[in-house]
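Have a look at the structure below before the remarks.
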Amino acid sequence: MKKYSVRRLTTILVQVIGLFMFSYIGDWISLLLKLPIPGSIVGLLLLFICLYFKIVPEKYIKDGAGFILVILPLFFIPATVGIIQFPNLLSGQGAILIGIVMVSTFMTLIVSGYSSQIVEKKMMERVKQTNE
Amino acid sequence: MSDVLLLLIVVIGTVILFLTMRYLYARFSIAILHPVLTSTVIIVLTLLLFNVSYERFMIGGKWIELFLGPSVVALAYPLYNQRTFVMKYRNAIVLGISSGLLTAMGSILLFAKIFQLEEDIFHSIIPKSITTPVAIQLSSSLEGIPSLTAVFVMIAGFSGVILGPLVMKYARIHSPLSKGLALGSASHALGVAKSTEYGELSLSMASISMTLSAIAGSAVGPLFILLS
């Protein structure tokens with residue numbers, strides 16, 4: 001565990017406020033251009049572009065992003081607690097939905113894994129050929 | 001109880017509960033002890049016990065949820081750090097993620113037709129392979145039910161982590177790179193945590209795959225709604 005000095009906590013706080021600003025700017029752009037994409041994703045792309053072109057130096061975001069990502073699961077607990085509104089999810093239809101999600105997840109694993117494995121094999125063969 | 005007091009109890013209580021559960025999970029490291037799962041169960045039981053409605057809980061809950069936006073933005077940082085990696089394996093990444101995303105959402109579209117799912121349920125399941133903070137926000141922009149989406153996301157995560165290794169073994173997916181890509185695109189953050197067992201390369205791939213699937217999924221999700 002890293003030590004949290006007052007200085008470090010201030011840095012984190014300021015950087016988290018910066019992340020909030022990116023999120024709000026993203027919301028605003030998404031609303032303005034009537035994009036179907038959530039504003040926070042627009043904010044993510046914006047921050048990536050800013051980092052890539054060195055508009056925002058890495059150190060201005062590092063501690064805040066690191067901190068917020070470590071405790072990220074905390075922020076979606078309110079949404080998962082919302083399950084309390086849907087007690088019928090434990091019924092027959094709920095079981096079907098759970099089954100659908102599981103089967104779809106396995107299909108995704110297989111297709112994604114298999115297709116990338118084929119590409120990886122081709123890549124390895126090419127590397128071998130150039131080395132020989 | 002006054003709203004201010006309730007707000008403080010919910011916020012402070014949830015934070016302390018989460019940190020405690022995370023500590024527990026770190027000590028025993030069993031999938032079923034995942035802090036989100038245990039915290040949710042404890043909060044739901046507490047609300048039922050004291051007869052507090054979800055609306056009342058959300059007086060405090062919405063202040064915690066407020067951090068979802070900046071959390072999604074923060075995902076740009078690890079992605080930026082891995083940019084050279086992304087370029088090196090770009091072909092495998094692009095194919096693995098796009099085929100995974102099309103399978104994840106396409107199969108839901110298909111199942112929705114077969115089982116004649118109601119529209120709001122269908123819209124809530126579509127983002128299920130995507131990391132929770134993004135899935136919740138995507139669900140609300142698709143006019144789904146974010147709370148249902150959060151639960152489906154967890155089911156996708158747990159089934160991928162618990163049964164996924166067996167499924168991949170049967171499908172003869174052996175390389176650490178592909179296992180990571182698959183876990184990240186099907187089971188998001190839970191998959192990323194699992195991928196650490198297959199080594200550093202697998203972990204990087206899973207994390208890249210989770211983030212890129214979330215970005216691409218936000219753009220592709222609305223298209224699948226149009227197709228239905």
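From a predicted model like this one, the values you see are computed outputs, not experimental measurements. Each chain gets a letter, A, B and so on, in the order the sequences are listed, and its residues count up from 1.
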Checklist entry - Which class fits the ring pair B/Phe67 and A/Phe75: parallel under 30°, tilted 30 to 60°, perpendicular over 60°? => result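 Ring orientation, 0 to 90° scale: parallel.
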Checklist entry - If you round to the nearest 0.5 Å, how far is OG of B/Ser187 from CG of A/Leu109? => result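 Answer for the CG-OG pair, A/Leu109 versus B/Ser187, is 5.5 Å.
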Checklist entry - Roughly how far apart are A/Leu97 CG and B/Ile155 CD1, rounded to 0.5 Å? => result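 With rounding to 0.5 Å, CG (A/Leu97) is 8.0 Å from CD1 (B/Ile155).
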Checklist entry - What residue among B/Leu95, B/Ile93, B/Val94 forms side chain to side chain contact (heavy atoms under 4.5 Å, CB included) with A/Val119? => result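 One option only clears the test, and that one is B/Leu95.
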Next on the checklist: B/Ser139: which residues meet the side-chain hydrogen bond (donor to acceptor under 3.5 Å, both in side chains) condition with it, sequence neighbours left out?
Outcome noted: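 By the side-chain hydrogen bond (donor to acceptor under 3.5 Å, both in side chains) rule, B/Ser139 matches B/Thr149.
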Under a 4.5 Å cut-off applied to non-hydrogen side-chain atoms, are [X] and [Y] in contact?
X	Y	answer
B/Leu47	A/Val81	yes
A/Gln93	B/Phe115	no
A/Ile61	B/Tyr80	no
B/Met58	A/Pro78	yes
A/Thr80	B/Met154	yes
A/Ser112	B/Thr103	no
B/Arg22	A/Ile71	yes
A/Phe76	B/Val153	no

Checklist entry - Quick one: which residues of residues 28-41 of chain A reach chain B at under 4.5 angstrom, heavy atoms only? => result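 Counting heavy atoms that sit under 4.5 Å from chain B, the residues of residues 28-41 of chain A involved are A/Pro36, A/Ile37, A/Pro38, A/Ser40, A/Ile41.
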Checklist entry - Side chain, backbone, both or neither: which part of A/Gln85 has a non-hydrogen atom closer than 4.5 Å to chain B? => result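 Only the side chain of A/Gln85 comes within 4.5 Å of chain B.
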Checklist entry - In terms of heavy-atom proximity below 4.5 Å to chain B, should A/Lys121 be classed as side chain, backbone, both, or neither? => result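 For A/Lys121, there is no contact with chain B at all, as no heavy atom is under 4.5 Å.
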Next on the checklist: Whether the side chain of B/Ser178 engages the backbone of A/Tyr114 through a donor-acceptor N/O pair (distance < 3.5 Å, no angle test) should be reported.
Outcome noted: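 It does not hold such a pair.
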Next on the checklist: Which one wins on heavy-atom pair count under 4.5 Å against chain A: B/Leu19, B/Leu66, B/Val10?
Outcome noted: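 Ranked by contacts with chain A, first place is B/Leu66.
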